[in-house]
Amino acid sequence: MPDVATSEGIISLNCVFQEPDRIELLEEKVPEPGPGQILCAARKSLISTGTELACLRGRFDEGTVWSSWVRYPFYPGYSMAAEVLRIGSGVEGIRAGDRIICPAGHRQYFVADSREAALIPDTVSDEEAVFTQIAKVALLGVLRAEPAFGERVGVVGLGLIGQLVVQYLNSSGARQIIAIAPENSRLDQARRNGATDLLNLPVAEAFGSVEELTGGRMLDTVYDVTGSYAVLPHCTQLTRDLGKVILLGDSTEPSKQTIGPKVVFNSVSILGIHGRMMEGFKGWTEADMNEFIFEYIRCGKLDVASLISEKVSPLEAVSVYTRLAGRKSDAMGVVFDWTQM
């Protein structure tokens, strides 16, 4: 267990978005854990590039969840693997020295609600464990769609969540998984994750190719995992009659978002799903999801390690976010390694 105490208490190095497009690393004091809380030392944390870069840009329509949630200074991150240093009164099932996951930001030391933490099994590494939060979001998307055996599906947007959706669909008995993105590296990753067909083009140009690949049947379900307001109207044109579009990305500017020209005529369902639905959705609890994901990682049905494109020191946070904001498509899973501090 690291010795973190100083004459001023526990000092943590934290990643902070001070205002749109301005990132800083700040040293801040960490309180002692209160009742039901745990004091933790970060081991690894995962950048959720879609969400965090949207928060960094700071351009949101009024009335959206984004506009009420993101307040500067803003502490990004929600995928943390950490070591428990001390526990507060009333904490059960967690001890000092345990490895846990929790939805903490990119902080060197922090206090968390023990109810939001889950123990990491010995069979799962820190690098794998940090994917649990986004793996739960991807799982929610597939549960929302209620896939049937033998379906033809499309996945638009092949970042971390899109790649995990492809893996789940590959396990669910889909007969055809069409991955759509204008980036070869992400399409190659989708192929390794189980995609049967790859379309290296913008979704706006995909109709003819999808029609050909499906023999004119089109898709039972399309997963829009982009968060881009421009994508939805094209996704709704790729489904069969009575098909579904699952929105797994929440646009920051929905005032610019349209649904497409034939949603009513083709009787297309547009179904949204958000990570806050983890507890109780279709009978699942968040603990069930954690256990399911850990088991899928252990037995090799969920490969998250291959999604790691780089591991960096948190001391490089400013340059890392600046680079990601410039060319997000070049990176996949970027992990902060707090053990390098």
Side-chain angles (χ1 to χ4, degrees), residues 46-50 127-128 130-131 134-142 145 147-228 231 234-235 238-240 243-246 248-249 293 296-311 324 327-335:
L46 174 69
I47 295 178
S48 177
T49 49
E127 288 86 354
E128 293 170 320
V130 293
F131 284 85
I134 63 166
K136 287 185 284 192
V137 174
L139 178 58
L140 279 170
V142 177
F149 195 82
E151 282 192 337
R152 295 176 174 85
V153 298
V155 180
V156 182
L158 297 174
L160 292 177
I161 294 177
Q163 299 288 348
L164 291 167
V165 167
V166 171
Q167 291 193 37
Y168 285 135
L169 293 171
N170 188 42
S171 297
S172 73
R175 80 170 68 180
Q176 191 171 25
I177 304 171
I178 301 177
I180 304 170
E183 298 108 8
N184 276 322
S185 61
R186 295 194 171 195
L187 288 168
D188 289 342
Q189 183 71 53
R191 170 82 76 185
R192 293 190 291 272
N193 288 333
T196 59
D197 299 279
L198 311 178
L199 292 180
N200 184 358
L201 42 72
V203 66
E205 302 171 14
F207 183 90
S209 297
V210 170
E211 186 178 37
E212 181 179 357
L213 287 169
T214 61
R217 298 176 183 88
M218 304 309 287
L219 300 170
D220 297 288
T221 305
V222 178
Y223 294 81
D224 176 0
V225 204
T226 66
S228 169
V231 168
H234 304 292
C235 289
L238 300 181
T239 74
R240 61 168 174 82
K244 292 173 284 190
V245 174
I246 308 300
L248 261 172
I293 289 164
Y296 255 44
I297 291 174
R298 185 197 66 78
C299 69
K301 292 183 178 180
L302 198 64
D303 177 12
V304 295
S306 67
L307 300 178
I308 299 174
S309 56
E310 56 185 309
K311 290 183 278 189
L324 290 175
R327 286 188 61 83
K328 182 179 67 171
S329 64
D330 286 349
M332 186 61 68
V334 181
V335 174

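In this chain, residues are counted from 1 in sequence order.
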How long is the span from the CG atom in L187 to the CD atom in E183, to the nearest 0.5 Å?
7.5 Å

Tell me, with the steps shown, if L213 and L199 meet side-chain contact (heavy atoms from CB on, under 4.5 Å).
CA-CA 10 Å; L213 287 169; L199 292 180; 3.8 Å; yes

Show, in sequence, the C-alpha distance, side-chain angles and deciding distance for D188 and R192, and conclude whether the side-chain contact (heavy atoms from CB on, under 4.5 Å) test is met.
CA-CA 6 Å; D188 289 342; R192 293 190 291 272; 3.9 Å; yes

Heavy-atom side-chain contact between I180 and V155 under 4.5 Å:
no

Could you pull out all residues at least two apart from V137 that satisfy side-chain contact (heavy atoms from CB on, under 4.5 Å)?
I161, L248, M278

Return the CD to CD1 distance between E127 and I308, rounded to the nearest 0.5 Å.
5.5 Å

Please list all pairs meeting side chain to side chain donor-acceptor pair (under 3.5 Å) that have one or both residues in residues 300-310, counting only residues at least two apart or in different chains.
Q189-S306, D303-S306, E310-R323

Tell me the closest heavy-atom pair linking V166 and A195, and the distance in Å.
CG1-N, 3.7 Å

Partners passing side-chain contact (heavy atoms from CB on, under 4.5 Å) against T214 (at least two apart in sequence or in another chain):
R152, Q176, I178, V210, R217, M218, L219

pair T239-D220: side-chain heavy atoms closer than 4.5 Å:
no

For a 4.5 angstrom cut-off between non-hydrogen side-chain atoms, does I134 reach F131?
yes

Check T226 against V156 and note the closest heavy-atom contact, atom names and distance.
CG2-O, 3.5 Å

So how far is it from L164 CG to Y296 OH, rounded to the nearest 0.5 Å?
13.0 Å

Closest heavy-atom contact between A179 and L158?
CB-CD1, 3.9 Å

Could you give all pairs that pass the side chain to side chain donor-acceptor pair (under 3.5 Å) test and reach residues 160-173, with sequence neighbours left out?
Q163-N193, Q167-N193

K136 vs I293 side-chain heavy atoms within contact, under 4.5 Å
yes

Applying salt bridge (charged side-chain N to carboxylate O under 4.0 Å, His left out), name anything that partners D197, two or more places apart in sequence or on another chain.
none

Would you say that S48 contacts L160 through its side chain, given a criterion of any heavy-atom pair below 4.5 Å between the two side chains?
no

Pairing residues for T221 by the side-chain contact (heavy atoms from CB on, under 4.5 Å) criterion, not counting sequence neighbours:
A145, E151, V153, Y223, K244, I246

So do L46 and V334 actually touch side chain to side chain, heavy atoms under 4.5 Å?
no

Less than 4.5 Å apart, any side-chain heavy atom of L201 and any of P182?
no

